[in-house]
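These notes are about the structure you will find just below.
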There are 2 protein chains.
Amino acid sequence: MATNIDGKAIAALVRSEVKEEVAALKEKCGKSPGLAVVLVGERVDSATYVRSKKKACDECGIEVTDVKLPGDASEEQIKDAVRELNNNPAIHGILVQLPLPDGVNEKSVLELISVEKDVDGFDPINVGLLAIKDREPFFTACTPTGCMELLKRSGVETKGKRAVVIGRSGIVGIPMAMLLNNADATVTICHSKTQDIGSVVREADIVVAAIGRANFVKGEWLKKGAVVIDVGINSVDDPTAKRGYRLCGDCDYNSCKEVASQITPVPGGVGPMTIAILMQNTLTALKRTL
Amino acid sequence: MATNIDGKAIAALVRSEVKEEVAALKEKCGKSPGLAVVLVGERVDSATYVRSKKKACDECGIEVTDVKLPGDASEEQIKDAVRELNNNPAIHGILVQLPLPDGVNEKSVLELISVEKDVDGFDPINVGLLAIKDREPFFTACTPTGCMELLKRSGVETKGKRAVVIGRSGIVGIPMAMLLNNADATVTICHSKTQDIGSVVREADIVVAAIGRANFVKGEWLKKGAVVIDVGINSVDDPTAKRGYRLCGDCDYNSCKEVASQITPVPGGVGPMTIAILMQNTLTALKRTL
Ligand SMILES: NC(=O)C1=CN([C@@H]2O[C@H](COP(=O)(O)OP(=O)(O)OC[C@H]3O[C@@H](n4cnc5c(N)ncnc54)[C@H](OP(=O)(O)O)[C@@H]3O)[C@@H](O)[C@H]2O)C=CC1
Ligand SMILES: NC(=O)C1=CN([C@@H]2O[C@H](COP(=O)(O)OP(=O)(O)OC[C@H]3O[C@@H](n4cnc5c(N)ncnc54)[C@H](OP(=O)(O)O)[C@@H]3O)[C@@H](O)[C@H]2O)C=CC1
């Protein structure tokens, strides 16, 4: 029976470490990290995400600059806002909440964020620097970095171990695979064209699922004692739940728990880590300017 | 018994295709691709490489601009040469022959090459764009791209197949893994910390070895019918050879040939493809400016 990796507790610990360092820096040189959050339009889910990021900033002593643009803002207006933030020395990290309204080219907006302020780590150059083992990215994407932190703080050895990452998106799967490779795991990347995925998963000491399919990974696929990191956030109908749905991961928690040694629950696993790492990255951005 | 993948013949075919297209473009708009080759110092091996690149350019109708700097050129002088080439509209590709003399920071010289002229595909941003599946790099590194071309032209299906790449360098192993992943193979990346590498290789339908260890991969490691791409170029002492040594790959050719379905010999496999792809990339660079 697996033990749970308590992402909520580990994320709180990471935030408290950031808070301490922020306070010490403020004391020492009078500066605080500044995060700009660009929100375009009125999407309820985006507003919710932004709120939780701001809450974490408040907790850590990171100063938030809210940049709100109307849903009909033009691409040029959004870009102008980013340009201004690039030039503002009090802003150390810039976060553009996705998705942007239809008709706005997300890539070209994101590309504009200066690489030193790309606390999301989405810039291709940051992905490239991560992929090249003897180079150092400015930032690595928050979610996979959070997964690495969970492994580290749960005492999971990666060196020489076999890891399987399911999913190959540019913001989760691929950087996750690169981080594990850089940590000396032997990594296999699976995706929708992978055949007999169960037998590939069975080779792994560490399984990371970032697919977006509820309960996809089954306990019977796992090697006995594998560590399971479940990135997925899926909502499934549940008439017994107050909201009519509940959240579940990409792994079938109940069957996986029987075989794994450690597993992240959903919610309360990877989710809280993403924002905690965003706090870390923003602090790092400030430290680089000192 | 495996059939040989004839890299020499395939590379000649690629060059002849480039030659044809270059001639047609010249006819149509009066322009030829221009490749600048920057050679610093007098290393014999570097001079040899540069000579074979120039020979291929001549064959294809690509105009070569030789930039020779003395072995004691300063980093700033080398950088000035690169800057000039960046600004020269007749130059479509820039190649800085490595290694640069001791004391010169190679990374900071290479970083200066504008991404549109980075025909070697070494720029981190090109690696990052390759790693992110829905993005397009300007160029991909010549050697791994050449390996993909060998697979394609030998009728090797990648989609849904298992591939193992041994080696994780930024110029061969990692971009190779990304290219195979983008071609829908399920890729595993091995390196010096991988345990029981033979059993990992046994899972693969396609094995790419880019390690730099003579005859490392043994036939008994292979799955029956696997395709073997041997990137390695190693020289081993051979008193019977005229020069006192001979070249061999990272795979033990004789034992691998017994088990594989197709295999690249060394020399005459991957080697000639690297330069052929350099020709292709330089042509692509010109086409982008039209
Ligand atoms: N905890 C957090 O903070 C975060 C959670 N997430 C969650 O993580 C999950 C993945 O996110 P993201 O990477 O952005 O998603 P994407 O949709 O961008 O990528 C999904 C990946 O899963 C692969 N995939 C889809 N179906 C299958 C299948 N049947 N078998 C094998 N592979 C499959 C796809 O393969 P192919 O490439 O072949 O299409 C693709 O590579 C989502 O549930 C998302 O909500 C994401 C970000 C942050
Ligand atoms: N045909 C051509 O045109 C070209 C050929 N080459 C040849 O390809 C080979 C690789 O080149 P390159 O990528 O630049 O080399 P690097 O030395 O940069 O990388 C070698 C890789 O092999 C891994 N490795 C070393 N020893 C072992 C081992 N015992 N078991 C498993 N993995 C091991 C290393 O692992 P780790 O990261 O853990 O150290 C490293 O990732 C060389 O022989 C080179 O001459 C290269 C470029 C062009």
Side-chain angles (χ1 to χ4, degrees), chain A residues 106-107 110-111 115 121-138 141 157-175 177-178 180-197 199-205, chain B residues 106-107 110-111 115 121-138 141 157-175 177-178 180-197 199-205:
Chain A
E106 285 187 354
K107 279 175 210 167
L110 292 182
E111 251 167 33
V115 68
F122 290 169
D123 194 305
I125 203 169
N126 274 324
V127 180
L129 290 169
L130 172 64
I132 306 176
K133 209 182 167 250
D134 54 356
R135 301 295 299 268
E136 274 298 322
F138 293 88
E157 172 70 91
T158 51
K159 183 168 170 176
K161 299 297 178 195
R162 298 220 37 194
V164 166
V165 176
I166 317 177
R168 53 176 167 176
S169 75
I171 58 171
V172 188
I174 291 293
M178 292 303 128
L180 284 164
N181 174 64
N182 289 352
D184 287 333
T186 299
V187 182
T188 304
I189 304 166
C190 295
H191 44 73
S192 69
K193 304 300 184 301
T194 296
Q195 308 210 331
D196 192 4
I197 205 162
S199 77
V200 182
V201 169
R202 176 165 280 277
E203 298 157 5
D205 304 299
Chain B
E106 285 187 353
K107 278 175 212 167
L110 293 182
E111 253 168 32
V115 68
F122 290 170
D123 194 305
I125 202 168
N126 274 322
V127 179
L129 290 168
L130 171 64
I132 305 175
K133 208 178 169 251
D134 54 355
R135 302 295 298 266
E136 274 298 322
F138 292 88
E157 172 71 90
T158 51
K159 184 170 170 173
K161 299 296 177 195
R162 299 222 32 195
V164 166
V165 177
I166 318 178
R168 53 176 166 175
S169 74
I171 60 174
V172 189
I174 291 293
M178 292 303 127
L180 284 165
N181 173 64
N182 289 352
D184 287 336
T186 299
V187 183
T188 304
I189 304 166
C190 295
H191 45 73
S192 68
K193 304 301 185 300
T194 296
Q195 308 211 332
D196 193 3
I197 204 163
S199 77
V200 182
V201 169
R202 177 165 280 276
E203 297 156 6
D205 304 298

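First the proteins, then the strands, lettered A, B, ... as listed; each starts at 1. Predicted model, so just to flag it, every value in this text is computed and none were measured.
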Option that, when pairs with chain A are counted at under 4.5 Å, heavy atom only, ranks first among B:K159, B:M178, B:R162: B:R162
Atom NZ in A:K161, atom NZ in B:K193: separation rounded to 0.5 Å? 15.0 Å
Donor-acceptor pair, distance only, cut-off 3.5 Å: does the side chain of A:H191 make one with the backbone of B:N182? no
With a 4.5 angstrom heavy-atom cut-off, could you sort out which part of A:A185 is near chain B: side chain, backbone, both or neither? backbone
Non-hydrogen atoms of A:K107 and B:D134 that approach each other most closely: NZ-O, 3.6 Å
Of the backbone (N, CA, C, O) and the side chain (C-beta and beyond), which part of B:A177 lies under 4.5 Å from a heavy atom of chain A, both, or neither? neither
Ordered numerically, the heavy-atom neighbours of chain A under 4.5 Å found in residues 124-133 of chain B are B:P124, B:I125, B:V127, B:G128, B:L129, B:A131, B:I132, B:K133
Kindly give the heavy-atom pair with the smallest separation between A:R168 and B:D184, and that separation in Å. NH2-OD1, 2.8 Å
Which portion of A:V164 sits near chain B, non-hydrogen atoms under 4.5 angstrom: neither
Can you give me the closest heavy-atom contact between A:T186 and B:I189, atom names plus distance? CG2-O, 3.4 Å
Looking at chain A, which one of B:N181, B:T194, B:I174 has the largest number of heavy-atom pairs inside 4.5 Å, strictly under? B:N181
